[in-house]
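First the structure, in the form of structure tokens, and then the observations on it.
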Amino acid sequence: KKVEQSDPPRTGISKIFVNGVYPEGETQPYKDDNAWRITSEEKRHMEKIAMEDPELTYQNIRRAAEVHRQVRHYTRKYIRPGMSLTEIAEYIENGTRALVEENGLECGVGFPTGLSLNNCAAHFTPNAGDTTILKSGDVLKVDFGVHVKGRILDSAFTLTWEPTYDKLVEAVKAATDTGVKEAGIDVRLGDLAGYIQETMESYEVEVNGKVFPVKPIENLSGHSIGVYQIHGGKSVLLVKNGDQTKMEEGDYFAIETFGSTGRGRVVESGDCSHYAKIINAPRVPIRLTSAKSLLKSITTNFGTLPFCRRYLDRVGESKYLLALNHLVQQGIVQDYPPLCDALGAMTAQFEHTILLRPTVKEIVSRGDDY
Ligand SMILES: COc1ccc(Cn2nnc3c2[C@](C)(O)CC[C@@H]3OC(=O)NC(C)C)cc1
Ligand SMILES: [Co+2]
């Protein structure tokens, strides 16, 4: 008998997909490829190897994607104006941890639950004591991640409860779908940015009789994703540029676009919540004892995955700010403050994770919602 998901979502996904086979995402053939990659014996063989290698297998990222789809399905119904951002974050994180059957660094939350409001576009999640309450006129970007064996599913969507900014939301959803559609092996990042920009700029939003063109946020980007590494080093900007770097076979990409009715540019603003160990940080001796022990806790609990202050609270750390700022100063931990456009601007985001498989492009985070 098929096991159904509970509400709130708490049934481990392996109890539902008992044979360990998770749904393949939407697949798209690579452009002007005339099906060569699908029929090529060599490409199919390479893919077969990827399927079998436990590290490379697509089952890890597909399991993370199924968790993401089920958690966001319930979350969209649950989030209501009047709720605090903290209870929204905890709903998403509790659901994610239960469904992925969190287990140390084997599988769990991929990165902090982004809940950026209105002019803020990214890297905001509440710290302890944050009393922000969601309002009906807010435009909320929900950006959360799930990882299985370090394969991070990074996907995001925008929620509104009034129609004022529907055109902004539509513009960004369309721009992200353009990015997904035009992405492919050997596609230049600078060209892909141009296609995204073109779609985004073909929209405008009318707010109280005033018309605003939708602008891509020029200093935000999509990015490649590595194993336990949210940013794999390649950035997909949102405005046309000359970056000749190509997307490559085997790459995992977070294709995300951000639109704004404001300047189309973000600046760091407000208290930081998001942090991550710098991958190949210099091994400098740490003099400050509290910083030494905090670093040990970060390495144990998060490795190189991004974390936030609430996650430090949760694993029992306290009075850690001095030590944390010391690790940032020493270039061991990177801080990621909230990224916001001007006050009064409204921003929206949509994001999918895509796999550039040898034979096809797989939009692994695609659901019936977006
Ligand atoms: C510390 O927690 C995180 C969580 C996610 C990321 C993933 N990411 N990496 N860069 C970005 C992101 C976000 C969170 O997707 C939002 C867009 C942002 O683009 C950006 O800044 N681009 C410039 C380099 C041009 C990074 C850190
Ligand atoms: Co994201």
Side-chain angles (χ1 to χ4, degrees), residues 72 76 79-82 85 88 114-125 132-143 155-183 189-223 235-241 243 254-270 336-352 369-370:
R72 76 199 195 208
R76 299 165 79 91
I79 295 182
R80 283 275 164 281
L85 296 187
I88 293 169
L115 292 174
S116 303
L117 281 174
N118 305 331
N119 64 308
C120 282
H123 294 168
F124 178 90
T125 196
T132 310
I133 301 291
L134 183 66
K135 305 184 299 297
S136 63
D138 284 341
V139 177
L140 176 68
K141 278 67 72 183
V142 182
D143 187 348
S155 184
F157 54 98
T158 297
L159 293 178
T160 60
W161 290 270
E162 288 175 2
T164 315
Y165 290 96
D166 284 0
K167 276 290 173 201
L168 170 65
V169 171
E170 189 186 324
V172 179
K173 191 182 276 193
T176 297
D177 276 345
T178 294
V180 164
K181 199 162 54 43
E182 297 302 328
L189 301 183
D191 294 344
L192 184 54
Y195 308 136
I196 290 169
Q197 175 175 16
E198 199 179 339
T199 299
M200 189 82 82
E201 293 181 343
S202 67
Y203 286 82
E204 57 186 29
V205 197
E206 184 179 329
V207 184
N208 304 327
K210 190 164 186 294
V211 175
F212 299 88
V214 177
K215 293 181 187 167
I217 298 183
E218 64 187 25
N219 59 339
L220 289 181
S221 67
H223 49 93
S235 292
V236 182
L237 288 168
L238 309 179
V239 290
K240 187 162 180 49
N241 62 85
D243 188 350
I255 300 294
E256 59 188 308
T257 73
F258 294 83
S260 176
T261 60
R263 298 167 45 241
R265 211 178 146 66
V266 289
V267 292
E268 298 184 349
S269 163
Y336 295 80
L339 299 169
C340 307
D341 198 324
L343 268 179
M346 273 304 182
T347 64
Q349 173 196 22
F350 278 91
E351 177 178 30
H352 276 297
D369 46 4
Y370 67 92

Exercise. Does some side-chain heavy atom of Pro213 sit less than 4.5 Å from a side-chain heavy atom of Glu201?
Worked result: no

Problem set entry | Working for side chain to side chain contact (heavy atoms under 4.5 Å, CB included), residues Arg80 and Trp161 | CA-CA 8 Å; Arg80 283 275 164 281; Trp161 290 270; 3.5 Å; yes

For this session: Taking all heavy atoms of Glu351 and all of Ser155, pick out the closest pair and write down the distance.
Result: O-OG, 2.7 Å

Problem set entry | Non-hydrogen side-chain atoms of Val169 and Asp166 separated by less than 4.5 Å | no

Problem set entry | Any donor-acceptor pair under 3.5 Å from Glu204 side chain to Val211 backbone | no

Exercise. Once you round to the nearest 0.5 Å, how far does CG of Leu237 lie from CD of Gln197?
Worked result: 10.5 Å

Problem set entry | Least distance between heavy atoms, Ala121 atom then Val266 atom | CB-CG1, 4.2 Å

For this session: Verify side-chain hydrogen bond (donor to acceptor under 3.5 Å, both in side chains) between Ser260 and Asp341, making sure each step is shown before the conclusion.
Result: CA-CA 8 Å; Ser260 176; Asp341 198 324; 2.7 Å; yes

Problem set entry | Flag side-chain contact, heavy atom, 4.5 Å: Thr158 against Val172 | no

Problem set entry | Under 3.5 Å donor-acceptor, Asp138 side chain and Leu140 backbone | no

Seminar exercise, completed: In terms of heavy-atom contacts, Ala348 and Lys141 come closest through CA-CD, 3.9 Å

For this session: Calculate, to the nearest 0.5 Å, the distance between atoms OG1 and CD belonging to Thr261 and Glu206 respectively.
Result: 13.5 Å

For this session: Decide if atom CD of Glu162 counts as having more than 12 heavy atoms of other residues, nucleotides or ligands within a radius under 6.0 Å.
Result: yes

Exercise. Can you check side chain to side chain contact (heavy atoms under 4.5 Å, CB included) on Leu115 and Ile88, steps first, answer last?
Worked result: CA-CA 9 Å; Leu115 292 174; Ile88 293 169; 3.9 Å; yes

Problem set entry | Thr164 to Val205 - nearest heavy-atom pair and separation | O-CG1, 3.8 Å

Exercise. Tell me, do Leu168 and Thr160 make a side-chain contact under 4.5 Å, heavy atoms counted?
Worked result: no

Exercise. Under 3.5 Å, side chain of Lys215 to main-chain N/O of Gly262, donor-acceptor pair present?
Worked result: yes

Exercise. Can you list the residues that meet the side chain to side chain donor-acceptor pair (under 3.5 Å) rule with Thr178, with sequence neighbours excluded?
Worked result: Thr199

Exercise. Atom CG of Asn119 and atom OG of Ser269: how far apart are they, to the nearest 0.5 Å?
Worked result: 7.0 Å

For this session: Decide yes or no on side chain to side chain contact (heavy atoms under 4.5 Å, CB included) for Leu117 and Val139, but give the supporting numbers first.
Result: CA-CA 6 Å; Leu117 281 174; Val139 177; over 6 Å; no

For this session: Apply salt bridge (charged side-chain N to carboxylate O under 4.0 Å, His left out) to Glu170 and Lys173, showing your working.
Result: CA-CA 5 Å; Glu170 189 186 324; Lys173 191 182 276 193; over 6 Å; no

Exercise. Sequence neighbours excluded, which residues qualify as ring pair (Phe, Tyr, Trp, His ring centres under 6.0 Å) partners of Tyr203?
Worked result: none

For this session: Write down the atom of Leu238, the atom of Glu256, and the distance for their closest heavy-atom approach.
Result: CD2-O, 3.5 Å

Seminar exercise, completed: So OG1 of Thr125 and OH of Tyr336: to nearest 0.5 Å the spacing works out to 15.5 Å

For this session: Report yes or no: is the cationic atom of Arg72 (NZ for Lys, CZ for Arg) under 6.0 Å from the centre of the six-membered ring of Tyr370, at an angle within 45° of the ring normal?
Result: yes

For this session: Would you name the heavy atoms of Thr176 and Ile255 that are closest together and state the gap between them?
Result: CG2-O, 3.7 Å

Problem set entry | Pairwise distance CG(Asp243) to OG(Ser235) - rounded to 0.5 angstrom | 8.5 Å

Exercise. Quick check: does any side chain N or O of Thr347 sit under 3.5 Å from a backbone N or O of Asn118, one acting as donor and the other as acceptor?
Worked result: yes

For this session: List the steps, then state whether side chain to side chain contact (heavy atoms under 4.5 Å, CB included) holds for Val236 with His223.
Result: CA-CA 6 Å; Val236 182; His223 49 93; over 6 Å; no

Exercise. For Tyr165, what residues pass the ring pair (Phe, Tyr, Trp, His ring centres under 6.0 Å) criterion, not counting sequence neighbours?
Worked result: none

